[in-house]
Amino acid sequence: MSKKENKQTIKKRENVKPKKEIANGTILCMIKGMMIAYAVTCIIFITYGILLTYTDITEEKIPLTALCCTVISAGIAGFDWARCAKARGILWGIFAGLVYGVILFVLDGIAGSGFNVVGSKGLMMLLAAAGGGVGGILGINMKK
């Protein structure tokens, strides 16, 4: 083997990361994305609560606001998860949206409304998956 071939082989080995290191980085990236999505959820709900308190906005719009917030936040989670992935952005986005929706469902159940599966929860999961999928498409294409 010549010196040039040997140097190229060494450079290739240096650029290869262990699978465990890649997996840890991806998991941390996904957790960060989910935390950002829930931070956005908190900001939207706190802002809406302030608007409800100090303006003439009625409480009739709360379900619509919650669904819009779900779509936006799941889209953010899908965007971040797809940016962590190397391919299949829509699948990662849909998965992120579903994880966001399941966590939201569990938190809602713990908060007091119970773990009843009704049409509105199904719609919320569907919209979370759709928002995550759109975010995943945008996230994977923003990398390029």
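Sequential numbering from 1 along the given sequence is applied to the chain's residues.
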For this session: Start with the C-alpha gap between Leu52 and Lys61, add the side-chain angles, then the distance that decides, and say whether side-chain contact (heavy atoms from CB on, under 4.5 Å) holds.
Result: CA-CA 10 Å; Leu52 276 173; Lys61 304 288 185 202; over 6 Å; no
Within [range] or reaching into it, pairs that qualify as salt bridge (charged side-chain N to carboxylate O under 4.0 Å, His left out) - sequence neighbours excluded:
{"range": "residues 89-106", "result": "none"}
{"range": "residues 93-104", "result": "none"}
{"range": "residues 112-126", "result": "Asp108-Lys121"}

Problem set entry | Those residues that, when tested against Trp92, pass ring-ring contact (aromatic ring centres under 6.0 Å, His included) (two or more places apart) | none
Problem set entry | Residues that Tyr48 engages under ring-ring contact (aromatic ring centres under 6.0 Å, His included), provided they are two or more places apart | none
For this session: Could you tell me whether a side-chain N or O of Tyr38 sits under 3.5 Å from a main-chain N or O of Tyr100, the two making a donor and an acceptor?
Result: yes
Inter-residue atom distance [X].[atom1] - [Y].[atom2], 0.5 Å rounding:
{"X": "Leu104", "Y": "Cys69", "atom1": "CG", "atom2": "SG", "answer": "8.0 Å"}
{"X": "Leu28", "Y": "Met35", "atom1": "CG", "atom2": "CE", "answer": "10.5 Å"}
{"X": "Ile110", "Y": "Phe105", "atom1": "CD1", "atom2": "CZ", "answer": "10.5 Å"}

Applying the 4.5 Å side-chain criterion to the ILVMFWY set and letting contacts propagate, would [X] and [Y] be lumped into a single cluster?
{"X": "Met125", "Y": "Leu107", "result": "yes"}
{"X": "Ile27", "Y": "Ile76", "result": "no"}
{"X": "Val134", "Y": "Ile36", "result": "no"}
{"X": "Val99", "Y": "Val71", "result": "yes"}

Would you please name every residue forming a side-chain contact (heavy atoms from CB on, under 4.5 Å) with [X], sequence neighbours left out?
{"X": "Glu60", "result": "Thr58"}
{"X": "Thr55", "result": "Leu51, Ile57"}
{"X": "Ile50", "result": "Ile46, Tyr54"}
{"X": "Ile94", "result": "Ile90, Leu98, Ala129"}

How close do [X] and [Y] get, heavy atom to heavy atom, and via which atoms?
{"X": "Ser73", "Y": "Thr41", "result": "OG-OG1, 2.8 Å"}
{"X": "Asn141", "Y": "Ile137", "result": "ND2-O, 3.0 Å"}
{"X": "Ala128", "Y": "Ala74", "result": "O-CB, 3.3 Å"}
{"X": "Trp81", "Y": "Phe95", "result": "CZ3-CD2, 3.2 Å"}

For this session: List in chain and number order the residues that pass side chain to side chain donor-acceptor pair (under 3.5 Å) with Thr70, two or more places apart in sequence or in another chain; answer none if no residue qualifies.
Result: none
Problem set entry | Test side chain to side chain donor-acceptor pair (under 3.5 Å) applied to Thr65 - qualifying residues, sequence neighbours left out | none
For this session: Report the C-alpha separation of Ile103 and Met34 in whole Å, then their side-chain angles, then the decisive distance to 0.1 Å, and conclude whether the side-chain contact (heavy atoms from CB on, under 4.5 Å) test is met.
Result: CA-CA 10 Å; Ile103 292 171; Met34 198 57 64; 4.2 Å; yes
For this session: Could you tell me whether the side chain of Asp80 reaches within less than 4.5 Å of the side chain of Met30, counting heavy atoms only?
Result: no
Exercise. Can you find a pair of side-chain heavy atoms, one from Pro63 and one from Leu67, that are under 4.5 Å apart?
Worked result: no
Exercise. When Ile, Leu, Val, Met, Phe, Trp and Tyr are grouped by side-chain heavy atoms lying under 4.5 Å apart, directly or through other members, which residues fall in the same group as Phe45?
Worked result: none
